Amino acid sequence: MECSNYYLENKSELIKLFKSSKKQQNEVLCRHIEIQKIEYWMNEAEKTFIELIPNIPDIGGHDNIMLSFLTYSAVLMPIAKILKNEGFSTRIIGQAIFEIAEGMYNSIPMKNRLIINRDYYLESNIDKWRKHAEESHKKKYDGDWVLNFIEEKNDFLYGLDMTECAISKFWKSQKLEELVPYLCLMDWAYWKTVGIRVKRTKTIANGGKICNYRYLGRSECTNDCPSGWPPEAMEEWTGKYEK
C-alpha cells in the first residue's frame, strides 16, 4: 500500500498560501532589486514551490502543532533559491526573507493579535507545548523538531530547549543552510507583532547546541520587544555565514 503524502493531499491549500505571500514578496524585492526581473522570478518561484511540495519533510501533518512554521519556511524557499542562484549575497537574501515575514506578520489584524497574545499564556496552551515536547522525543519523523519543555522559574513563565530543528534540517537538505539564521530572526518579528516578550540567546542555526526559548510574559507595548533587525542587535546572532 502506497503511503500518503500530507502535502500532496493539501496541495491546493499550500499553493493558496504561496499565492497569498506573493504581494509581500514583490514589495520587498522591489526595495532591493531591479523591478523588471521580479515578475519573472516570482513566476519561477511559484513553479519551484509546486515542485517542492512533495519534498517538504513529513512531520505528522496537522497533528504537529509546529507544522505552520515548516510550511511557511517552504513558501520562502523558492525565492531564496532564485536569489542565491542569481549571485546575491547571503546578507541581502536574508534581509529579504526577514522583511517578507515581517510584512506578513504586520498584516495580522489587531483583533487576531490580541487573541494570539492571550492564548500564549493560557494553561491549556502551555500544557499543549509540554505534551508536544514529550511526544517529540519519540522521534517518529526524522525531519521533525525535538524539544525539552522547561518548567516555570523565577525569571520566566515557561521555556523550550530545542535540540533538533526541522527548518534547519530541511533548508540544509536544500543547500540553503547559510540562510537559516535569518529564518530564526523571523521569530522576533512575530513576537513583536503579537506583543510577546521572549529571551533567546542561542540557536542551532547560529552554531549553538540548542535553541533556548524563555517566555517572559505579555507586553503592553510592542516597543518592549526586540524587532529582530539588524541581526547584530540580537544576542543569538553570530554572523557565522557572513564572515
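What's counted below: heavy atoms across the whole structure, side chains too, no hydrogens, waters or symmetry copies. Because the structure is predicted, anything quoted here is derived from the model rather than measured.
Interatomic distance, CD1 of I97 versus CE of M77, reported as 9.0 Å (0.5 Å rounding). Distance check, rounded to the nearest 0.5 Å: NZ of K81 to NZ of K175 gives 9.0 Å. Atoms CG and OG, on N206 and S168 in that order, are 9.0 Å from each other to the nearest 0.5 Å. Rounding to the nearest 0.5 Å places CG of N5 at 8.5 Å from CG of N55. A distance of 4.5 Å separates OG1 in T193 from CG in N106, rounded to the nearest 0.5 Å. Between the CD1 atom in I38 and the SG atom in C30 there is a gap of 3.5 Å [rounded to 0.5 Å].
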- Message: If you apply the rule salt bridge (Lys or Arg N to Asp or Glu O under 4.0 Å), what do you find for E178 with K84, and how did you get there?
- Response: CA-CA 11 Å; E178 72 276 13; K84 181 175 180 177; 2.9 Å; yes
- Message: If you apply the rule side chain to side chain donor-acceptor pair (under 3.5 Å), what do you find for N212 with T201, and how did you get there?
- Response: CA-CA 7 Å; N212 58 341; T201 62; 2.8 Å; yes
- Assess whether salt bridge (Lys or Arg N to Asp or Glu O under 4.0 Å) is satisfied between K16 and E13, documenting all intermediate values. CA-CA 5 Å; K16 189 183 298 183; E13 290 302 311; 3.5 Å; yes
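No side-chain donor-acceptor contact under 3.5 Å links E46 and W41. One side chain, S73 or W171, offers a donor N or O that lies under 3.5 Å from an acceptor on the other.
Ring orientation note: the planes of Y215 and Y213 are close to parallel, at an angle under 30° on the 30°/60° scale. Between Y158 and F149, the ring-plane angle classifies as parallel under the 30° and 60° cut-offs.
In this structure, the ring of H62 has its center less than 6.0 angstrom from the ring center of Y6.
Under a hydrophobic clustering in which Ile, Leu, Val, Met, Phe, Trp and Tyr are joined whenever their side-chain heavy atoms come within less than 4.5 Å, directly or via other members, L216 and W191 fall into different clusters. Under the 4.5 Å side-chain contact rule for hydrophobic residues, Y190 and L114 do not share a cluster.
A donor-acceptor contact shorter than 3.5 Å links the side chain of S136 to the backbone of L147. One N or O on the side chain of R113 and one on the backbone of I108 form a donor-acceptor pair closer than 3.5 Å.
In this structure, K172 and V180 have side chains that are not in contact, with every pair of non-hydrogen atoms separated by 4.5 Å or more. Within the 4.5 Å cutoff, side-chain heavy atoms of S20 are placed close to those of L17.
The pair R91-E232 counts as a salt bridge, with a side-chain nitrogen and a carboxylate oxygen less than 4.0 angstrom apart. Using a 4.0 Å cut-off between charged nitrogen and carboxylate oxygen, K140 and E135 count as a salt-bridge pair. Salt bridge annotation for E236-R200: present, with a cationic side-chain nitrogen under 4.0 angstrom from a carboxylate oxygen.
For E151, the salt bridge (Lys or Arg N to Asp or Glu O under 4.0 Å) partners are R130, not counting sequence neighbours.
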